Number of protein chains: 2
Amino acid sequence: MSNLKAVAEHSKVSIATVSRVINNDPKVSRETVLKVQASIAALEYKPNRVAQRLRSSNSKTKLLGLIIPDIQNPFFVDVVRGVEDYAYQNNFAVMIGNFGQDEKKEKLYLDIFQSENIDGLIVAPIHGKDKGIENLVKKNIPVVCIDRGLTEIDVDVVKVDNELGAFNAIDHLLNMGHKRIAFISGNFKIPTYIERMSGYKKALEKHGVPFDESLVFARNTDYKSGFEIAQKILELEQRPTAIFSGNNLLTLGALEAIHAENIKIPEEISIIGFDDMPWSISLNPPLTAVRQPGFDMGRKAAEMLYERIANPGKKKENVILKTELMLRKSTTRIE
Amino acid sequence: MSNLKAVAEHSKVSIATVSRVINNDPKVSRETVLKVQASIAALEYKPNRVAQRLRSSNSKTKLLGLIIPDIQNPFFVDVVRGVEDYAYQNNFAVMIGNFGQDEKKEKLYLDIFQSENIDGLIVAPIHGKDKGIENLVKKNIPVVCIDRGLTEIDVDVVKVDNELGAFNAIDHLLNMGHKRIAFISGNFKIPTYIERMSGYKKALEKHGVPFDESLVFARNTDYKSGFEIAQKILELEQRPTAIFSGNNLLTLGALEAIHAENIKIPEEISIIGFDDMPWSISLNPPLTAVRQPGFDMGRKAAEMLYERIANPGKKKENVILKTELMLRKSTTRIE
DNA sequence: ATTTGTCATGTAAACGTTTACATTTATCAA
DNA sequence: TTGATAAATGTAAACGTTTACATGACAAAT
């Protein structure tokens with residue numbers, strides 16, 4: 001790879017001048033600019049971003065870190081796309097780390113990204129008291145949390161009104177006459193699930209239905225957990241008439257379990273999923289789901305990160321987007 | 001962030017010695033090692049990977065680039081997971097770029113990754129004559145192609161036997177009596193679709209069914225294309241009895257179109273998709289599909305990249321994995 | 001006592017940039 | 001002519017590492 005020195009020699013100027021041309025410094029004569037640009041083209045010179053980042057943190061070639069809990073979850077894929085969309089338009093590169101709900105792995109990525117001198121980080125914390133992320137914030141490294149916030153410290157957040165989203169889903173089921181509604185949740189260390197649980201409870205309360213702890217199942221947030229928990233639910237002596245499932249993958253896993261038992265949805269059991277998918281309509285049956293605007297969340301987070309980088313002192317922001325209940329065919333009225 | 005110098009001062013040795021301790025150089029006394037390690041811990045020192053990469057390319061802190069065509073496609077998500085799995089175990093960081101089948105964006109990521117001094121690249125080329133990737137290979141930057149190869153140049157490749165995969169799918173349909181089989185393909189610039197097309201033709205040939213060009217539709221590889229092409233197919237005067245769809249997203253899009261028209265699968269039309277998904281069983285109806293081992297492909301590619309980095313001169317490898325036809329309920333026999 | 005060798009450590013150059021500061025040259029006012 | 005000012009360019013330090021080479025201390029061999 002050719003470097004500044006090569007270009008400088010080729011156009012018979014100093015490397016400082018070449019650097020100035022690259023950075024559009026006005027203090028260089030038109031003549032020299034043209035000469036240097038010709039050399040740059042001739043040698044196919046590309047600035048070395050590693051050297052740029054080592055030398056100065058406020059260069060124009062920014063590097064963003066993005067840490068997500070589970071890339072298999074289409075919701076987070078949407079988030080990634082949103083972040084990338086904004087980054088691409090603004091000439092950032094994005095480094096992605098997927099920690100698969102593994103706290104150690106999250107910590108590793110935090111360390112790596114930090115020592116890669118990233119200019120900013122977008123992260124969905126594994127829990128609300130994440131010390132690693134708190135540290136970054138304290139060090140004044142620009143951080144935006146997505147999907148989940150931090151409880152101990154003030155930080156930029158983009159999330160969704162999880163409580164209301166869950167409330168509306170459960171309210172809908174209760175309105176249709178359901179009383180025994182199982183909740184397949186993710187781990188309650190994760191803030192989102194605490195909030196969804198709270199919405200679940202509030203809806204029950206509103207309808208005067210007593211809360212039954214034995215209907216709540218919290219494990220991991222993957223396909224397999226959804227499958228296994230649903231199996232258990234279906235075996236219950238007094239089977240619930242409806243299932244509320246906490247995320248995309250849990251829903252898909254639960255569907256597999258239900259289909260494996262040849263149980264009819266919604267005639268024998270209703271189901272609502274948190275997280276919509278483009279192909280929800282093609283599921284058997286078309287799935288009623290709580291839609292989160294993943295792409296928009298990603299884009300917004302990137303935008304906020306950009307602003308935070310430009311203006312580190314600025315007041316922390318807390319953006320809460322709305323969910324939408326997509327009514328389809330996986331729920332029905334019962335007497 | 002503390003640096004070598006700070007650690008050196010803290011433990012009253014030179015920075016060279018500290019560096020040696022970090023890199024486990026045996027030529028340093030036990031006593032000093034302990035002293036330095038204590039300082040490292042006290043100051044929470046983390047090596048700066050940017051400086052490491054600038055200084056030497058054969059350090060232990062490697063950075064891999066991964067460029068994929070479409071992160072919305074669950075197949076590529078599996079690939080990402082496979083790559084990451086291997087990378088994580090071997091202490092690499094992975095930088096992901098998603099180019100969304102946009103050639104310009106692919107080029108941009110190629111440039112960025114190169115100027116980030118990546119140690120190696122895993123990429124699914126947008127087409128077989130990708131000059132950008134050819135250049136990297138010529139510059140002796142370790143590259144492994146995944147899902148798709150390069151025609152003009154010898155390079156490491158991990159892919160799947162697309163021709164045979166498609167052949168088996170079409171053969172299955174023909175065996176069930178189908179003769180008019182539509183093919184929803186991606187763009188024929190992409191090598192995979194050329195190969196799948198070839199398998200499609202060979203199967204027709206085997207059964208003596210004449211090839212009908214008007215049944216082949218090639219556009220993009222996204223959900224929307226699948227939806228729109230399927231709409232067209234359903235409007236055909238003499239409607240095909242079966243659809244073979246070229247990838248995950250095309251299949252899901254096509255399903256939506258079919259369901260929107262209230263057409264029964266498989267009674268009124270059969271469908272086989274290239275690419276299986278974990279939740280294929282929960283689709284309406286459970287989808288018959290050609291499974292590709294995405295995770296294994298990613299893992300294998302990372303492994304090959306690792307070997308190529310260690311041994312750049314080694315002979316290029318061409319790994320072709322097998323597909324598997326997953327028989328479910330979306331196809332039926334016709335007379 | 002001198003030489004040789006080994007081990008531990010230090011010194012300084014290098015990686016490719018950016019940038020504060022210094023230098024050169026030209027322009028113009030007095 | 002001199003000095004001041006401005007414009008264009010160059011010089012060199014810095015970012016945080018790694019590493020070839022130099023140095024120094026000490027023990028063993030002569």
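Reminder, nothing fancy here: chain letters follow the sequence lines and each chain counts from 1. Small disclaimer: the values here were computed from a predicted structure and weren't measured.
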Carboxylate-amine/guanidinium proximity below 4.0 Å for [X] and [Y]:
X        : Y        : result
A/Arg81  : A/Asp78  : yes
B/Arg308 : B/Glu317 : no
B/Glu134 : B/Lys131 : yes

Would you indicate, yes or no, if [N] has its OP1 or OP2 atom less than 4.0 angstrom from a side-chain nitrogen or oxygen of [X]?
X       : N      : answer
A/Thr17 : D/dG10 : yes
A/Gln52 : C/dG16 : no
B/Asn23 : D/dT18 : yes
B/Thr32 : C/dT9  : yes

In whole Å, what is the span from the [atom1] atom of [X] to the [atom2] atom of [N]?
X        : N      : atom1 : atom2 : answer
B/Asn117 : C/dT17 : CG    : P     : 10 Å
A/Glu116 : D/dG16 : CD    : P     : 15 Å
A/Arg49  : C/dT17 : CZ    : P     : 13 Å
B/Asn3   : D/dT18 : CG    : P     : 12 Å
A/Lys12  : D/dT9  : NZ    : C1'   : 17 Å
B/Asn48  : D/dT18 : CG    : C1'   : 13 Å
B/Leu4   : D/dA14 : CG    : C1'   : 15 Å
A/Ile22  : C/dG16 : CD1   : P     : 13 Å

What does [X] touch in the nucleic acid at a heavy-atom separation under 4.0 angstrom: a base, only the sugar-phosphate, or nothing?
X       : answer
A/Val13 : sugar-phosphate
B/Ser29 : sugar-phosphate
A/Ile15 : base
B/Ser19 : base
A/Arg20 : base

Among [options], which nucleotide sits nearest the side chain of [X]?
X       : options                : result
B/Ser14 : D/dG16, C/dA8, C/dG10  : C/dG10
B/Lys27 : C/dT9, C/dT17, D/dT18  : C/dT9
B/Ser56 : D/dG10, D/dT19, D/dG16 : D/dT19
A/Leu54 : C/dG16, C/dT18, D/dT17 : C/dG16

Taking C-beta and beyond as the side chain, do [X] and [Y] meet within less than 4.5 Å on heavy atoms?
X        : Y        : answer
B/Lys159 : B/Arg148 : no
A/Gln101 : A/Ile126 : yes
A/Phe92  : A/Leu305 : no

Donor-acceptor pair under 3.5 Å: do we get one between B/Arg55's side chain and the base of D/dT17?
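It does not, because no donor-acceptor pair links the side chain of B/Arg55 to the base of D/dT17 below 3.5 Å.
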